[in-house]
Number of protein chains: 2
Amino acid sequence: MTTADAPSLPHPLPDELVELIARRFRVIGEPMRIKLLDQLRLGEATVLALTDAVGASQQNVSKHLGVLHDAGIVARRKEGTQVYYRVVDAGVFELCETVCGSVQRQVAELNAIFEGAGR
Amino acid sequence: MTTADAPSLPHPLPDELVELIARRFRVIGEPMRIKLLDQLRLGEATVLALTDAVGASQQNVSKHLGVLHDAGIVARRKEGTQVYYRVVDAGVFELCETVCGSVQRQVAELNAIFEGAGR
DNA sequence: ACTATACACAACTCTGTGCTTGTAGAAGGT
DNA sequence: ACCTTCTACAAGCACAGAGTTGTGTATAGT
């Protein structure tokens, strides 16, 4: 438990694990779901609040939240007619930060090319 | 470079950045590409070697490598008729390890349920 | 020069999936 | 009881993308 890091994954990654990893990446690889997770970074929120925040239809938001829920990334809490969603796997934020780092680095490289060639 | 960490991403994530992040996740979210990256973890390799390693057609491997190359994750080095690919963005390994951690944790939870209910 | 090898590109097919529309179910207000 | 609100589910449509087939290009060997 305390040593969940430094896994040193097996070298020929088994096919089933590859499939699980790929599925997970695909779950996070949708703009709408990233927006929802970004909103949930501020804390739990209702479907209605998320719908207003991301500017999509209620059905669409509900569907995407269902995908995130099935993937075990978010959890539901029902209260009256409203359902509150929250992130239970904080690893997704780490993932987004890592990706952001790569993207920013690439953009910086492109920028350097323009600066070097432009003047 | 020195401050590439602790990004504390802006809270309403801009749409364009969301799109870039999602695209990146989708690039990595394919089993074949994960297998290729897993092989490239051992060092640079030719298309033929990767083709044999993952058990796919040469065209398919070449296509996936092209996607990884366009995404800036791998780089090419031509030598004679052969092309050597290598990973230039080590962040992908960090991503895979993070995802593996989440997957393993979920599997452990399911396992605990079976152990708790089975006996 | 000719042939073989290694890789990449283009066109095509097909599966997967995201979005919309419509609707059903649950809970609260009147 | 009735109606409204909030959420989830189902069917249909459309597009993105993964895989195959065929071919073009470059390099090495003879």
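In what follows, chains carry the letters A, B, and so on, assigned in the order in which the sequence lines appear, proteins first and then strands, with residues in each chain numbered from 1.
Ion pair A:Glu19/A:Arg23 not flagged as a salt bridge, since none of the NZ, NE, NH1 or NH2 atoms sits closer than 4.0 Å to an Asp/Glu carboxylate oxygen.
To the nearest angstrom, C1' of C:dC19 lies 14 Å from NZ of A:Lys35. B:Ile34 has its CD1 atom 12 Å from the P atom of D:dA18, to the nearest Å. Taking atom CZ of B:Phe25 as the reference point, atom P of D:dA16 lies 22 Å away to the nearest angstrom. Whole-Å rounding puts the A:Leu48 CG to D:dT5 C1' distance at 9 Å. Rounded to an integer number of Å, the gap from B:Asp70 CG to D:dA18 P is 12 Å. A straight line from CG of B:Asp52 to P of C:dC7 spans 10 Å, rounded to a whole angstrom. Rounded to whole Å, the distance from OH on A:Tyr84 to P on D:dC6 is 12 Å. Atom C1' of nucleotide C:dA6 and atom CG of B:Leu65 are separated by 13 Å, given to the nearest angstrom.
A 4.5 Å side-chain heavy-atom check between A:His11 and B:Leu42 finds at least one atom pair inside the cut-off. Annotation: side chain of B:Arg41 is in contact with side chain of B:Phe93 (closest heavy-atom distance under 4.5 Å).
Side-chain nitrogen and oxygen atoms of A:His64 include at least one within less than 4.0 Å of the OP1 or OP2 phosphate oxygen of C:dC19. OP1 or OP2 of D:dA18 sits under 4.0 Å from a side-chain N or O of B:Arg33.
Set against D:dT7, D:dG19, C:dC19, the side chain of B:Met32 has D:dG19 as its closest nucleotide.
Closest approach of B:Ala75 and B:His69 over heavy atoms only: CA-CD2, 4.1 Å.
Within the nucleic acid shown, B:Arg76 comes within 4.0 Å of sugar-phosphate atoms alone, with no base atom in reach, counting heavy atoms only.
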Where protein sits on nucleotides 20-30 of chain D, one letter per nucleotide: B base, S sugar-phosphate only, - none, heavy atoms under 4.0 Å: SBBB--SBS--

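Checking B:Arg76 against B:Tyr84 by side-chain atom types alone, no donor-acceptor pair falls below 3.5 Å.
With A:Asn60 as the fixed residue, the side-chain hydrogen bond (donor to acceptor under 3.5 Å, both in side chains) test singles out one of A:His64, A:Lys63, A:Gln58: A:His64. Exactly one of A:Val92, A:Ile28, A:Ile21 qualifies for a side-chain contact (heavy atoms from CB on, under 4.5 Å) with B:Val99. That residue is A:Ile21.
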